[in-house]
Amino acid sequence: MFHHESVLLKESIEGLNINPNGIYVDCTLGGGGHSSEILKRLDKGFLYCFDQDEEAIIAANTRLKRISRRYEIIQRNFKDLKEELNHRNVCKVNGILFDLGVSSPQFDQGKRGFSYQKEAKLDMRMDVNQSLSAYDIVNHYAFQDLFRIISRYGEERYAKNIARGIEKAREKKAIETTFELVDIIKKSVPAKSLRGKHPAKRTFQALRIETNRELEVLPEALEKAIDLLDVDGRICVISFHSLEDRIVKDIFKKYSKTPDVPRGLPILPKDLERPILKRINRKVIIPSNEELEENNRAHSAKLRIVQKVKEK
Ligand SMILES: C[S@@+](CC[C@H](N)C(=O)[O-])C[C@H]1O[C@@H](n2cnc3c(N)ncnc32)[C@H](O)[C@@H]1O
């Protein structure tokens with residue numbers, strides 16, 4: 001059973017301002033919650049859905065085909081969205097959604113190794129066909145690289161202790177499972193830090209980000225999404241941690257600034273003064289109290305929406 005409770009569903013679907021005859025892209029199909037709502041609103045329009053996780057695709061496909069056939073699922077990393085759509089002779093679209101991170105089943109089923117609460121082989125690949133896994137990172141990355149990713153992607157203050165703990169443990173034997181890693185982390189951090197949040201939370205986040213190159217693909221995908229978007233079309237991005245949100249915020253800011261106009265132009269062409277994107281929400285949108293009560297995953301969610309004003 002594949003169940004993922006969609007986050008900020010109403011807000012993001014409203015944010016897309018759907019034209020029933022438009023072309024839409026859901027870059028993160030997951031359980032198909034957002035895609036279903038988009039599909040229900042389409043008449044002659046079409047929806048392209050990306051996901052790199054085969055299990056998610058199979059489950060979402062069963063759900064979507066009950067609504068309509070006006071969609072295609074593309075099993076690819078969303079960093080390739082422009083190439084994949086161009087290949088299908090689609091050069092402009094009317095709206096693009098990103099609901100970042102992993103889906104609940106990826107976490108809850110445990111066997112994928114994303115969760116520090118479930119015993120599994122260290123894996124964490126969203127795309128099971130890629131070769132790099134959390135196992136390779138934990139067992140083969142040099143100390144300095146482990147330290148860098150745990151500290152940067154996990155924002156973990158004890159990153160050095162944990163990287164050292166991993167280095168020492170793997171000298172004796174390879175670190176195979178999530179619980180072996182949790183044990184090493186617990187032994188590496190000061191006793192007082194075992195009281196608050198789970199001590200492995202930040203390291204697991206870091207390993208997941210590194211395994212899936214999450215922070216590297218996001219800027220590339222957002223740049224391509226802005227290219228693909230037609231004027232008046234919208235991009236909605238839901239992010240789940242500050243590192244992701246910062247990337248989204250900075251790219252949207254870069255394109256929603258009034259361009260620097262060359263000095264000494266006698267009359268400014270009107271178009272030159274306008275930015276490429278307009279921010280629809282000045283303040284980031286967060287889930288309502290009701291949603292927070294019902295869905296624990298919604299806690300760190302942030303939604304940003306932009307509309308294209310003119311071509312890049
Ligand atoms: C939070 S879930 C999406 C949930 C979905 N919006 C729903 O309501 O059911 C994120 C999904 O995006 C996929 N994903 C994350 N990063 C991706 C990437 N770079 N390329 C393709 N799919 C990705 C994950 O495999 C996961 O299934």
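Order of appearance sets the numbers: ligands from 1, and atoms from 1 within every ligand.
Heavy-atom contacts of Arg76 reach the following atoms of ligand 1: 20 (N), 21 (C) (cutoff under 4.0 Å). Atoms of ligand 1 found under 4.0 Å from any heavy atom of Asp53 (numbered from 1 in listed order, with element): 25 (O). Within the listing of ligand 1, atoms 1 (C) sit less than 4.0 angstrom from a heavy atom of Arg297. Near Ser6, with a cut-off below 4.0 Å to any heavy atom, the atoms of ligand 1 are 7 (C), 8 (O), 9 (O). Interface atoms of ligand 1 facing Gly33, defined by a heavy-atom separation under 4.0 Å, are 7 (C), 8 (O), 9 (O).
The residues Arg76 and Asp127 are annotated as not salt-bridged, no charged nitrogen and carboxylate oxygen being separated by less than 4.0 angstrom. Taking 4.0 Å as the cut-off between side-chain N and carboxylate O, Asp232 and Lys308 do not count as a salt-bridged pair. Using a 4.0 Å cut-off between charged nitrogen and carboxylate oxygen, Arg88 and Glu72 count as a salt-bridge pair.
Heavy atoms of Gln106 come nearer than 4.0 angstrom to ligand 1 in at least one pair. At least one heavy atom of Leu100 sits less than 4.0 Å from an atom of ligand 1.
Counting protein heavy atoms only, atom 22 (N) of ligand 1 is closest to Gln52 N, 3.3 Å.
For the 3.5 Å distance criterion, the side chains of Tyr48 and Glu84 fail to qualify, holding no donor opposite an acceptor.
Taking all heavy atoms of Asp51, Leu29, Val102 into account, the minimum distance to atom 5 (C) of ligand 1 is reached by Leu29.
Using the six-membered ring where Trp is involved, Phe143 and Phe147 have ring planes that are parallel, under 30° apart on the 30 and 60° scheme.
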